[in-house]
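A, B, ... follow the sequence lines: proteins, then strands. Residue 1 opens every chain. These numbers come from the heavy atoms of this one structure, side chains and all, not from hydrogens, waters or symmetry mates.
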Amino acid sequence: MRSAAAGTINLDMAGREVRIAGWVHRRRDLGGLAFLDLRDRSGVLQASAGPEWSSGAAMEAVRGLGLEDVVAIRGVVSPRPEAARNPGMATGDVEVRIVELEVLNRARTPEIPVYVPPEEELPSEKLRLRHRVLDLRRGELQDRLELRHRLILAARNYFHAQGFMEVETPILTKPTPEGARDFLVPSRVHPGEFFALPQSPQIYKQLLMIAGFDRYVQIARCFRDEDLRADRQPEFTQIDVEASFVQPDDIHAWCEGLMEKLAEVAGIEAPTPFVRLSYRDVMERFGSDRPDLRYALEIRDFTDVLGALDFGILRGAVARGGRIRGLRLEGGAHLARRQIDAIEEAARTAGAPGLLWAKAQEDRATGPLARFFRDDTRALLGLARGDLFLAAAGPDPVTSPALDAARMAAIAALDLPRTTEHSWLWVTGFPVFEDAGGGELAANHHPFVQPHPGDIHLLDSNPLAVRGLAYDLVYNGTELGSGSIRPHDADLQARILGMLGLGPDEIRLKFGFLLDALRSGAPPHGGIALGVDRLVARLSGAASLRDVIAFPKTTAARALFEGAPTAVADAELAALGISAGVRE
RNA sequence: GGGGCUGUAGCUCAGUUUGGUUAGAGUGCCGGUCUGUCACACCGGAGGCCGCGGGUUCGAGUCCCGUCAGCCCCGCCA
């Protein structure tokens with residue numbers, strides 16, 4: 001049906017007869033001469049109908065075309081007249097002069113435009129999702145999905161070359177008590193019993209290690225029934241990796257090799273080895289476990305200088321064991337009050353009661369904090385003329401997220417220069433546990449993190465201080481992946497589960513199969529999972545994961561095109577032994 | 001579960017502040033003119049449950065209450 005793809009036609013093919021096929025992208029009818037832009041996945045090509053080279057029937061056929069009709073054209077590749085060339089179009093030097101045109105299929109008038117003029121807004125996302133096949137015809141989405149394909153292909157090839165093999169793991173799995181809510185699937189054969197869709201193949205890949213598949217990779221679909229965000233979908237894809245007889249450095253090296261390949265595909269820089277910073281370090285210097293290191297701005301501790309001032313709020317915070325940390329913004333004094341308020345608001349949203357600030361003006365300091373300054377305070381803080389100083393006082397778990405938010409807001413407000421366009425970072429040594437309140441512990445990553453050998457003695461005395469052999473891969477402030485070395489000792493694994501509040505019976509019921517497997521001769525092992533959707537979004541400049549997924553869900557977890565989820569017939573439920581408690 | 005923004009012609013948007021004849025524009029659609037266009041140009045036409053429901057009012061796209069949907073954020077989630 002086709003001898004060439006539309007986007008591949010060029011001047012070298014002048015004089016050749018070609019057959020092309022695709023969609024009517026646009027049409028321009030000048031009366032005695034008519035043009036149509038024909039689009040296929042490779043691009044857009046102008047076809048022309050004129051009395052000198054087209055039959056009357058062909059002319060009429062072109063006149064009768066509507067947008068998005070599907071046509072096949074037989075014609076001759078011709079150079080355009082010099083004055084009629086279009087340098088803004090990849091195929092702008094040529095056109096196909098139509099000899100014969102066949103309408104393969106008519107399209108109803110499109111509900112949303114496929115071609116959107118440069119300065120016009122895209123249709124609302126609601127309509128783009130409802131009429132997804134039309135939206136997907138746009139080159140932008142076609143390009144993003146192609147990039148996604150090429151990245152996944154490169155990842156598979158890379159890991160294969162490194163001796164990894166892909167093993168599929170079940171989609172119908174066992175519900176787990178930890179982490180996110182499960183999507184449940186009723187069993188017809190066993191009424192009243194349920195499968196869960198996997199939140200990740202975590203346990204299965206550990207079982208594969210125990211089974212001897214010492215280098216595993218899978219492009220794995222994962223499901224989590226939680227409320228959504230721009231960077232969160234209920235089903236998403238991971239490059240899931242696990243290997244035996246490894247240290248964290250081995251995983252890091254493989255991932256860095258992978259990112260070199262992927263960056264090459266995406267046309268960006270990923271110089272290896274990546275920066276490695278400890279969790280403790282990044283929280284101290286950036287207030288975040290996924291700092292954006294494209295900007296040099298760092299948080300500093302000013303407890304000594306500011307805690308000594310005659311200022312009750314600061315003294316009280318220090319007396320209660322808190323610290324005073326802040327940001328010194330060179331040249332920030334020119335920010336308007338409104339802009340500083342916006343930075344403070346960002347810090348408040350992140351959980352701080354407020355932010356204290358001072359401007360270092362010509363000969364004096366101004367702002368709420370400045371009137372408590374002593375003669376030497378400004379110098380001790382290192383403030384030069386024109387600087388803005390922001391500070392937060394209190395316990396680190398409060399001030400760190402607040403200063404992170406303030407840092408990012410200040411960077412935006414001051415339009416601070418980037419020191420690099422691509423910041424790749426390993427954050428290592430995450431705590432194994434986090435405080436769940438009420439004296440309870442929760443898993444910081446998940447319950448399958450090997451404690452740092454130097455911290456195992458703290459498990460009973462100070463579990464929150466126990467670092468794990470866990471690491472995150474961070475790119476430009478986005479967490480792209482997360483992994484760890486896993487406990488391969490069953491007793492240690494059981495002990496960790498117990499610390500998370502699971503009773504012996506529950507551990508046996510939920511994780512007995514894992515613990516039994518660990519006792520069957522489990523090799524030391526560890527791995528990582530990389531988020532494909534986020535990776536593609538970041539590398540393609542997409543604002544939302546929905547723009548790198550062919551058929552995404554809305555923020556209310558609905559599929560607008562096919563209309564899922566839906567109610568089902570009572571008889572269908574009855575066969576499953578369940579009844580739906582429908583909301584009023 | 002909570003907060004915010006948005007919802008007007010097939011699509012993108014004005015109009016809502018301060019309630020008042022017949023709700024507009026561009027584009028798309030339909031008809032016509034046009035031989036080098038490429039956001040073709042020009043002429044004409046059709047097209048509206050102003051998201052939905054209730055209320056206030058002589059009168060509601062506009063004010064009030066509720067509700068639904070999409071998006072962003074918090075909670076939640078790695």
request  = Identify the nucleotide, in any strand shown, that forms a Watson-Crick or G-U wobble pair with A39(B), with both distances under 3.5 Å; if there is none, say none.
outcome  = none

ask   = What is the nucleic acid contact for Asp225(A), judged by heavy atoms within less than 4.0 Å: base, sugar-phosphate only, or nothing?
value = nothing

inquiry  = Tell me the interatomic distance from Asp472(A), atom CG, to A78(B), atom C1', rounded to whole angstroms.
reply    = 8 Å

task = Ignoring backbone atoms, test whether Thr109(A) places a side-chain nitrogen or oxygen under 4.0 Å from the OP1 or OP2 oxygen of C29(B).
result = no

ask   = So, are Lys553(A) and Glu235(A) salt-bridged, with charged N and O less than 4.0 Å apart?
value = yes

Glu226(A)/Arg224(A) salt bridge by N-O under 4.0 Å criterion = no

task = Rounded to whole angstrom, note down the P distance from G61(B) over to C50(B).
result = 8 Å

key: Nucleotide nearest Arg181(A) (side chain, heavy atoms from C-beta), chosen from C76(B), G70(B), U37(B)   = C76(B)

task = For Glu121(A), report the nucleic acid contact type (base, sugar-phosphate, nothing); a contact means any heavy atom under 4.0 Å.
result = sugar-phosphate

ask   = Where the side chain of Asp227(A) is concerned, which of G75(B), U35(B), C38(B) is the nearest nucleotide?
value = G75(B)

ask   = Passes side-chain contact (heavy atoms from CB on, under 4.5 Å), Phe35(A) versus Leu30(A)? Steps please.
value = CA-CA 8 Å; Phe35(A) 300 96; Leu30(A) 275 58; 4.1 Å; yes

ask   = Given atom CG of Leu45(A) and atom P of C38(B), what is their separation to the nearest angstrom?
value = 17 Å

ask   = Between Arg27(A) and U37(B), does any side-chain N or O lie under 4.0 Å from OP1 or OP2?
value = no

inquiry  = Under a 4.0 Å threshold between the charged nitrogen and the carboxylate oxygen, would Arg97(A) count as salt-bridged to Glu52(A)?
reply    = no

request  = For nucleotides U57(B) and G70(B), find the distance between their P atoms and express it as a whole number of Å.
outcome  = 35 Å

remark   = Looking only at C71(B), C38(B), G36(B), the nucleotide nearest the Glu95(A) side chain is G36(B)

inquiry  = Is there, by distance only and without an angle test, a donor paired with an acceptor across the side chain of Arg546(A) and the base of C71(B) below 3.5 Å?
reply    = no

query = Which value, in whole Å, describes the distance between the C1' atoms of nucleotides G28(B) and G66(B)?
reply = 36 Å

ask   = Atom CZ of Arg128(A) to atom C1' of G70(B): distance rounded to whole Å?
value = 12 Å

ask   = Does Arg26(A) make a side-chain N or O approach to OP1 or OP2 of C40(B) shorter than 4.0 Å?
value = yes

key: Interatomic distance, Leu228(A) CG vs C76(B) P [rounded to whole Å]   = 16 Å

query = Rounded to whole angstrom units, what separation is found between the NE2 atom of His445(A) and the P atom of C77(B)?
reply = 14 Å

message = Strictly by Watson-Crick or wobble contacts shorter than 3.5 Å, is anything paired with G48(B), and which nucleotide is it?
response = none

query = Quick one: on RNA chain B, does Arg232(A) or Leu129(A) contact a more 5' nucleotide (nearest heavy atom)?
reply = Leu129(A)

Donor-acceptor pair present, Arg85(A) side chain and U37(B) base, under 3.5 Å = no

ask   = What integer number of Å spans the C1' atoms of C40(B) and C34(B)?
value = 10 Å

query = When you compare G47(B) with U37(B), how far apart are their P atoms, in angstrom units rounded to a whole number?
reply = 36 Å

task = Please state how far atom CD in Glu120(A) lies from atom C1' in U12(B), giving the value in whole angstrom units.
result = 4 Å

Check: Gln46(A) side chain, U37(B) base, donor-acceptor under 3.5 Å = yes

message = If the test is side-chain contact (heavy atoms from CB on, under 4.5 Å), which one of Pro234(A), Ser200(A), Pro198(A) qualifies with Cys222(A)?
response = Ser200(A)

inquiry  = Please tell me whether Phe561(A) and His131(A) form a close aromatic pair, meaning their ring centres lie under 6.0 Å apart.
reply    = no

request  = Assign Ala556(A) to base, sugar-phosphate, or nothing according to its heavy-atom contacts below 4.0 angstrom with the strands shown.
outcome  = sugar-phosphate

request  = Measure from CD on Glu52(A) to P on U35(B) and round the result to the nearest Å.
outcome  = 12 Å

ask   = Starting at CG of Leu122(A) and ending at P of G28(B), how long is that distance when rounded to a whole Å?
value = 17 Å

task = Could you measure between the two C1' atoms, the one in A69(B) and the one in G20(B), and give it in whole Å?
result = 32 Å

query = Under the 3.5 Å rule, do the base of C38(B) and the side chain of Asn86(A) count as making a donor-acceptor pair?
reply = yes

remark   = Contact check, residues 65-77 of chain A vs RNA chain B, heavy-atom distance under 4.0 Å, returns Leu67(A)

query = With a 3.5 Å cut-off and just heavy-atom distances, do the side chain of Arg108(A) and the base of G28(B) make a donor-acceptor pair?
reply = no

request  = Could you tell me whether the side chain of Arg558(A) has a donor or acceptor atom within less than 3.5 Å of a complementary atom in the base of G70(B)?
outcome  = no

ask   = Given U37(B), C77(B), G10(B), which nucleotide is nearest the side-chain atoms of Glu111(A)?
value = G10(B)

task = Flag the pair Arg28(A) and Asp37(A) as a salt bridge only when some basic side-chain nitrogen lies within less than 4.0 angstrom of an acidic carboxylate oxygen.
result = yes

query = Taking the inter-plane angle between the rings of His252(A) and Tyr471(A) on a 0 to 90° scale, is it parallel (under 30°), tilted (30 to 60°) or perpendicular (over 60°)?
reply = perpendicular

task = May I ask you to decide if the ring planes of Tyr115(A) and His25(A) are parallel, tilted or perpendicular, using 30° and 60° as cut-offs?
result = perpendicular

key: Arg132(A) bridged to Asp135(A) by N-O distance under 4.0 Å   = yes

remark   = Assign each of Pro123(A) and Ala543(A) the nucleotide of RNA chain B bearing its closest heavy atom; nearer the 5' end lies the nucleotide of Pro123(A)

task = Determine which nucleotide pairs with C5(B), using a 3.5 Å limit on both distances of a Watson-Crick or G-U wobble pair.
result = G70(B)

message = Students often get this wrong, so: under 4.0 angstrom with heavy atoms, is Thr554(A) touching a base, only sugar-phosphate, or nothing?
response = sugar-phosphate

ask   = Any salt bridge between Glu111(A) and Arg130(A), counting N to O under 4.0 Å?
value = no

message = Over all strands shown, is Pro113(A) touching base, sugar-phosphate only, or nothing at heavy-atom distances under 4.0 angstrom?
response = sugar-phosphate

ask   = Using the C1' atom in both, what is the distance from U62(B) to U17(B), to the nearest Å?
value = 10 Å

message = Taking any heavy-atom pair under 4.0 Å as a contact, classify Pro51(A): base, sugar-phosphate, or nothing.
response = base

query = In whole Å, what separates the P atom of A46(B) from that of G3(B)?
reply = 46 Å

query = Is the phosphate of U37(B), meaning OP1 or OP2, less than 4.0 Å from a side-chain N or O of Arg28(A)?
reply = no

